[in-house]
Amino acid sequence: EQGYDLKNVMYHASKQDIEEFVPGYSDGLTFLTPNKEFANDWLGKGKFQERQGGTGSIEGVRVEKERWREEANKIIKDERLSDSAIYPVVTRTKKPFVPSKNVDVLEELYGKEYLDAPFGSGFPTYRDALKDGNYLLYENKQVVDFLKSKGYDSMFLKESAGENKPFTTLAVFEPNNIRSVN
């Protein structure tokens with residue numbers, strides 16, 4: 001009744017206790033994924049790489065890692081997972097921006113000439129690169145604010161470029177559109 005899509009559970013990984021979602025960067029994005037394992041890969045990355053507000057078990061892991069270098073792979077995995085959680089969440093986003101379908105909307109922001117200019121890195125034009133949906137081209141305040149002004153409430157992004165690479169991330173513009181499944 002509040003508009004959350006209970007049939008499409010997404011995941012957000014964090015080393016923090018989350019009572020409400022608060023974006024950590026100026027672009028205002030909060031990142032979710034439909035893949036629990038992919039969320040797990042992002043633990044300890046981004047702005048809050050370590051648990052905030054206390055030491056937790058990570059300190060003991062660091063000491064042991066220095067003393068026992070031959071066990072580094074196991075300890076690094078333990079360190080990444082300590083004090084962490086994968087949160088199952090739902091959203092009430094209604095109008096996500098899908099780069100492969102909606103890229104032409106960005107012509108108003110960038111201009112036709114700019115979008116049709118050569119790009120490189122395997123893409124003939126900047127429009128083609130944007131259409132692919134790589135996060136590097138979208139995670140900035142200018143693009144987010146523009147898409148918000150056009151009525152979009154989120155956007156699908158890829159962590160890797162390429163036609164055969166799937167969209168892995170839903171970047172939600174307003175954190176109040178995310179709730180725990182619980």
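Along the sequence shown, the residues carry numbers beginning at 1.
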Quiz item: Mind checking what makes side-chain hydrogen bond (donor to acceptor under 3.5 Å, both in side chains) contact with S154, not counting sequence neighbours?
Solution: none

Quiz prompt | With M155, the side-chain contact (heavy atoms from CB on, under 4.5 Å) member among T169, V144, V172, L170 | solution = V144

Self-check item: Minimum heavy-atom distance L157-A171, with the two atoms named
Solution: CD1-CB, 4.1 Å

Quiz item: What closest approach, in Å, do V143 and L137 show between heavy atoms, and which atom pair accounts for it?
Solution: CG2-O, 4.0 Å

Quiz item: Do the side chains of F156 and L136 join up, straight or via other hydrophobic residues, at under 4.5 Å, putting them in one cluster?
Solution: no

Quiz item: Would you say Y135 and F173 are hydrophobically clustered, going by side-chain heavy atoms of ILVMFWY under 4.5 Å?
Solution: yes

Exercise. Report yes if some heavy atom in the side chain of P118 is under 4.5 Å from a heavy atom in the side chain of P124; otherwise report no.
Key: no

Exercise. Just do the side chain to side chain contact (heavy atoms under 4.5 Å, CB included) check on L6 and V181 with the steps written out, would you?
Key: CA-CA 7 Å; L6 301 176; V181 297; over 6 Å; no

Exercise. Decide yes or no on side chain to side chain contact (heavy atoms under 4.5 Å, CB included) for V89 and Y11, but give the supporting numbers first.
Key: CA-CA 6 Å; V89 298; Y11 299 93; over 6 Å; no

Self-check item: For L29 against D27, the heavy-atom pair lying closest together
Solution: N-OD1, 3.1 Å

Practice problem: State whether D116 and R127 are salt-bridged, where the test is any N-O pair (Lys NZ or Arg NE/NH1/NH2 against Asp/Glu carboxylate O) under 4.0 Å. | Solution: yes

Practice problem: Side-chain contact test, heavy atoms from C-beta onward, threshold under 4.5 Å: evaluate it for E174 versus D153 and give yes or no. | Solution: no

Quiz item: Is it true that a side-chain atom of H12 and a backbone atom of A39 form a donor plus acceptor pair closer than 3.5 Å?
Solution: no

Quiz item: Taking only residues two or more places apart in sequence or in another chain, which ones pass ring pair (Phe, Tyr, Trp, His ring centres under 6.0 Å) with Y126?
Solution: Y110, Y114, F119

Quiz prompt | side chain to side chain donor-acceptor pair (under 3.5 Å) contacts in which one or both residues fall within residues 93-102, not counting sequence neighbours | solution = T91-T93

Exercise. For a side-chain contact (heavy atoms from CB on, under 4.5 Å) with F123, tell me which candidate from N134, L130, D128 qualifies.
Key: D128

Quiz item: Is a side-chain donor or acceptor of K141 paired with a backbone partner of G28 at a separation under 3.5 angstrom?
Solution: no

Quiz item: Would you say P34 and M10 make side-chain contact, with heavy atoms under 4.5 Å?
Solution: yes

Quiz prompt | Test item: T30 and I178 side chains (from C-beta on) under 4.5 Å apart, heavy atoms | solution = yes

Quiz item: After noting the C-alpha distance and the side-chain angles of Y138 and F97, does the key distance pass the ring pair (Phe, Tyr, Trp, His ring centres under 6.0 Å) rule?
Solution: CA-CA 11 Å; Y138 286 95; F97 176 83; 5.7 Å; yes

Exercise. With sequence neighbours left out, write down each residue that passes salt bridge (charged side-chain N to carboxylate O under 4.0 Å, His left out) with R179, or none if nothing qualifies.
Key: none

Quiz item: Looking at residues at least two apart in the chain, or sitting in another chain, which of them share a ring pair (Phe, Tyr, Trp, His ring centres under 6.0 Å) with Y87?
Solution: none

Quiz item: Should D132 and K158 be marked as a side chain to side chain contact (heavy atoms under 4.5 Å, CB included) after you check the CA-CA gap, both sets of side-chain angles, and the distance that decides it?
Solution: CA-CA 8 Å; D132 188 59; K158 293 179 179 182; 2.9 Å; yes

Self-check item: same_hphob_cluster(L32, Y152) at 4.5 Å side-chain heavy-atom cutoff
Solution: no

Quiz item: N140: what forms a side-chain hydrogen bond (donor to acceptor under 3.5 Å, both in side chains) with it, not counting sequence neighbours?
Solution: none

Self-check item: Heavy-atom donor-acceptor pair, T33 side chain to N35 backbone, under 3.5 Å
Solution: yes

Practice problem: Enter the distance from N177:CG to Y4:OH here, rounded to the nearest 0.5 Å. | Solution: 6.0 Å

